[in-house]
Amino acid sequence: MKSTVLKSTITGLVLAAATGAAWADKANDTLNVAFTKELENVDSYFNSSREGVVLQRAVWDGLIYRDPVTNEYMGNLATEWEWIDDTTIEFKLREGVKFHDGSDFTADDVVFTVNYVADEANGVKTQRNVNWMKSAEKVDDYTVRIMLKEKFPAAIEFLSGPVSMYPSDYYEEAGPEGMGLKPVGTGPYKVTEVVPGQHFKLEAYEGYHDSPKGKPSIKNIDIRTIPDVNTQMAELFSGSLDLIWQVPSDQAEKLAQRDEFQVSNESTMRVGYLTLDAAGRSEDSPFTDVRVRKAVNYAINRQELVDALLKGKSKVVYTPCFPSQFGCDEEAAVKYEYNPEKAKELLAEAGYEDGLTIDFYAYRDREYAEAITSYLNAVGIDTNFKMLQYSALREQNMKGETAVSFQTWGSYSINDASAMVSQFFKHGSLDYAMDDETLEYLNIADSSTDPEVRKENYSKAIERITEEAYWAPMFSYNTNYVTTNEVEYTPTADEVLRFTTASWK
């Protein structure tokens, strides 16, 4: 049915495109883009979505930049840095940088930003991104020190990703709500309009400094939230969109057959997985029994999901982290091959000979989620399917109200296992295992300055997590980017849509 609807949509719109619809806004130097998911808040510290990461990299800058191809660290708002001791990094700041409102970037902005986001009371959405920092202090106008709570060897990696610098005077007055409505950064694009959750307009910042991000080639970016991919495709055909991304494989394959479009597939660091409430945070969770958790893992045919639905550069994943991340030891993970009979046996041993019924939550990729539930249903785990908005499901997860949910995590494109495994297994609000042994391993791995000690303890944590089947990791994602032939864009493997690298042909 979906294929028929899609074919009809495409056929019906080819005529419109052929009879005079102009290809979007090249003439006005405006790239029209669609987001699928509603963005909670443009303030990069108060959302945790991939769309938020995209805007963060466009509107704000960090002290350090990591090249997505070479993985080389380069200075951005900082020109150089050095470790003073195991918990102190000193930065020399770039002079002459101005925020979009015309104010100067100085050490005061770094101090205010770090001290604000590091204070847990201020409620940064993803605490793992900032809670390793203790404070910052000014040495002079263009020298600043960031102090860590304890040894954290991944600090440079985090500073090259989710930690952006905000204007101190403006943010002190506007706060997250004001920053979400009228963002001010130093990034390559400034925001000219925000309709919360619906529409975002960006304009190339003429005063952008000499950053490794590069200066924008396209002047204007117009982003609209369009949840339905078929609607996005219709607008692509009609000429009101230039670029869509995160396009499901079946639709991408159809579009790739047409001469008007270019389709690029690239791997990502995003992992799809099921959370299982082993800690019993939700009411009457059956997943406090390890046999039920293992049954779930055996019930799912991961390879079939990858081959039939995800395709592209996706692959089966058995680890609670992305394999390229430092410390993500695939050999340490227990691999649950598809074995529905074993799953039924384990359920019977756990007292569920006649099966069980559970609420099953998801927020994206309904087709994938429904395929997963079909595997569970086949072994006797009946599911009441509940599709929620991302922000709503995240809040329920943080409150411990979901026994099982289909989740994805892209680690903010941070290439270190601490950005994923430590995010979910260190007794935080999203930890549904609350396992002290895992916590001990991760505390050592996250704080040791010896790479081998880090690897050893991440391996132990991964072995423990998978042995106890606290999660059901399933697959890595790939992303399909579709553009009109007027647009030149080459995606990178970190799932960050970089507007500065897009250009007109």
- Does the pair T490 and E266 meet the rule for a side chain to side chain contact (heavy atoms under 4.5 Å, CB included), with working shown? CA-CA 9 Å; T490 302; E266 186 53 83; over 6 Å; no
- Does the side chain to side chain contact (heavy atoms under 4.5 Å, CB included) test come out yes or no for V482 and Q262, once each step is laid out? CA-CA 6 Å; V482 183; Q262 294 185 76; over 6 Å; no
- Task: For N47 and N41, run side-chain hydrogen bond (donor to acceptor under 3.5 Å, both in side chains): C-alpha distance rounded to whole Å, both residues' side-chain angles, the deciding distance at 0.1 Å, then the answer.
- Result: CA-CA 6 Å; N47 72 72; N41 186 332; 5.9 Å; no
- Message: Using side chain to side chain contact (heavy atoms under 4.5 Å, CB included), reason through L274 and I300 one step at a time and then give a plain yes or no.
- Response: CA-CA 11 Å; L274 297 184; I300 300 167; 3.8 Å; yes
- CA sep, side-chain torsions, deciding dist, call: L430, Q423, side chain to side chain contact (heavy atoms under 4.5 Å, CB included): CA-CA 8 Å; L430 294 171; Q423 165 73 15; 3.9 Å; yes
- Task: Take T319 and D329, measure what side-chain hydrogen bond (donor to acceptor under 3.5 Å, both in side chains) needs, and give me the verdict at the end.
- Result: CA-CA 8 Å; T319 51; D329 184 359; over 6 Å; no
- Message: For S103 and D101: C-alpha separation, side-chain torsions, deciding distance, then whether side-chain hydrogen bond (donor to acceptor under 3.5 Å, both in side chains) applies.
- Response: CA-CA 6 Å; S103 60; D101 63 358; 2.7 Å; yes
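Side-chain contact of S405 with T275: a donor-acceptor pair under 3.5 Å is present, judged by distance alone. Between D494 and S413, the side chains place no donor N or O within less than 3.5 Å of an acceptor N or O (distance only, hydrogens not considered). A side-chain N or O of S418 and one of D416 form a donor-acceptor pair less than 3.5 Å apart. Checking T402 against Y432 by side-chain atom types alone, a donor-acceptor pair falls below 3.5 Å. For the residue pair E40 / Y390, no side-chain donor-acceptor distance below 3.5 Å is found, with atom types taken as modelled. There is no side-chain donor-acceptor pair under 3.5 Å between S476 and R270. Using modelled atom types and a 3.5 Å distance limit, the side chains of S282 and D277 yield a donor-acceptor pair. Between the side chains of S411 and Q325, at least one donor N or O sits under 3.5 Å from an acceptor N or O. Side-chain atoms of Q56 and S164 include a donor-acceptor pair closer than 3.5 Å. Between the side chains of D365 and Y477, at least one donor N or O sits under 3.5 Å from an acceptor N or O. Using modelled atom types and a 3.5 Å distance limit, the side chains of Y363 and N397 yield no donor-acceptor pair. Under the 3.5 Å distance criterion, with hydrogens and angles disregarded, no donor-acceptor pair is assigned to the side chains of H427 and D435. Checked by atom type, the side-chain pair S168/D109 shows a donor-acceptor distance below 3.5 Å. A donor atom on one side chain and an acceptor atom on the other are not found under 3.5 Å apart for N129 and Y45.
No donor-acceptor pair closer than 3.5 Å links the side chain of R224 to the backbone N or O of N32. Checking side-chain atoms of N220 against main-chain N and O of L31 turns up no donor-acceptor pair under 3.5 Å. Proximity of a side-chain donor or acceptor of K149 to a complementary backbone N or O of N131 within less than 3.5 Å is detected. Within the 3.5 Å criterion, the main-chain N or O of A333 finds no donor-acceptor partner in the side chain of T466. Here the side chain of N480 pairs a donor or acceptor atom with the backbone of V247 at under 3.5 angstrom. A donor-acceptor pair is defined here as one N or O able to donate and one able to accept, closer than 3.5 Å; such a pair exists between the side chain of R302 and the backbone of P473. For the pair T501 (side chain) and R498 (backbone), a donor-acceptor distance under 3.5 Å is present. Although no hydrogens or angles enter the test, the distance criterion places no donor-acceptor pair under 3.5 Å between the side chain of N122 and the main chain of A118. Using modelled atom types, no side-chain atom of Q303 and backbone atom of V316 make a donor-acceptor pair closer than 3.5 Å. Without hydrogens or angle criteria, E177 side chain to A174 main chain gives no donor-acceptor distance under 3.5 Å.
Put simply, the side chain of Q396 reaches to within 4.5 Å of the side chain of Y361, judged on heavy atoms. Two residues are said to be in side-chain contact when any heavy atoms from C-beta on lie closer than 4.5 Å; L39 and T225 fail this criterion.
Salt bridge K92/E80: absent, no basic N to carboxylate O contact under 4.0 Å. A salt bridge links E452 with K455; the closest basic N to acidic carboxylate O contact falls under 4.0 Å. Ion pair R66/E72 not flagged as a salt bridge, since none of the NZ, NE, NH1 or NH2 atoms sits closer than 4.0 Å to an Asp/Glu carboxylate oxygen. A salt bridge is defined here as a Lys NZ or Arg NE, NH1 or NH2 lying under 4.0 Å from an Asp or Glu carboxylate O, and D141 with K138 meets this definition. Using a cut-off of 4.0 Å between Lys/Arg side-chain N and Asp/Glu carboxylate O, K399 and E395 are scored as not salt-bridged. For the pair K219 and E203, the salt-bridge criterion is not met [side-chain N within less than 4.0 Å of a carboxylate O].
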Could you go through residues 184-197 and list every donor-acceptor pair under 3.5 Å that involves a side-chain atom there, pairing it with any protein atom two or more places apart or in another chain?
residue : atom : partner : partner atom : Å
T186    : OG1  : D61     : OD2          : 2.9
Y189    : OH   : I218    : O            : 2.5
T192    : OG1  : K201    : O            : 3.3

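Rounding to the nearest 0.5 Å places CD of Q198 at 14.0 Å from CZ of F35. Note that CE of M74 and OG1 of T79 are 14.5 Å apart. Values are rounded to the nearest 0.5 Å. To the nearest 0.5 Å, atoms CD1 (I89) and CE (M147) are separated by 10.5 Å. Once rounded to the nearest 0.5 Å, the distance linking OG1 of T479 with CG of N265 reads 8.0 Å. Note that the CH2 atom of W504 and the OG atom of S217 stand 9.5 Å from one another [nearest 0.5 Å].
In D210, the CG atom is not crowded: 12 or fewer heavy atoms of neighbouring residues, nucleotides or ligands sit closer than 6.0 Å. Atom CD of Q389 sits in a sparse spot, with 12 or fewer heavy atoms from other residues, nucleotides or ligands closer than 6.0 Å. Counting non-hydrogen atoms of other residues, nucleotides and ligands closer than 6.0 Å to NZ of K311 gives a total above 12.
A side chain to side chain donor-acceptor pair (under 3.5 Å) with T36 is found for one member of E51, Q232, R50 and no other, namely Q232. Under the salt bridge (charged side-chain N to carboxylate O under 4.0 Å, His left out) test applied with K426, the options D436, D431, D446 reduce to a single match, D446. In summary, of the residues considered (F424, Y273, W471), a ring pair (Phe, Tyr, Trp, His ring centres under 6.0 Å) with W409 occurs for F424 alone.
For R293 and Y470, the positive end is not near the middle of the six-membered ring at less than 6.0 Å and at most 45° from its axis. Judged by the 6.0 Å distance and 45° axis criteria, K125 is not positioned over the aromatic ring of F46.
Taking the six-membered ring for Trp and the full ring otherwise, Y171 and Y116 have centroids separated by under 6.0 Å.
Partners of R57 by salt bridge (Lys or Arg N to Asp or Glu O under 4.0 Å), not counting sequence neighbours: none found.
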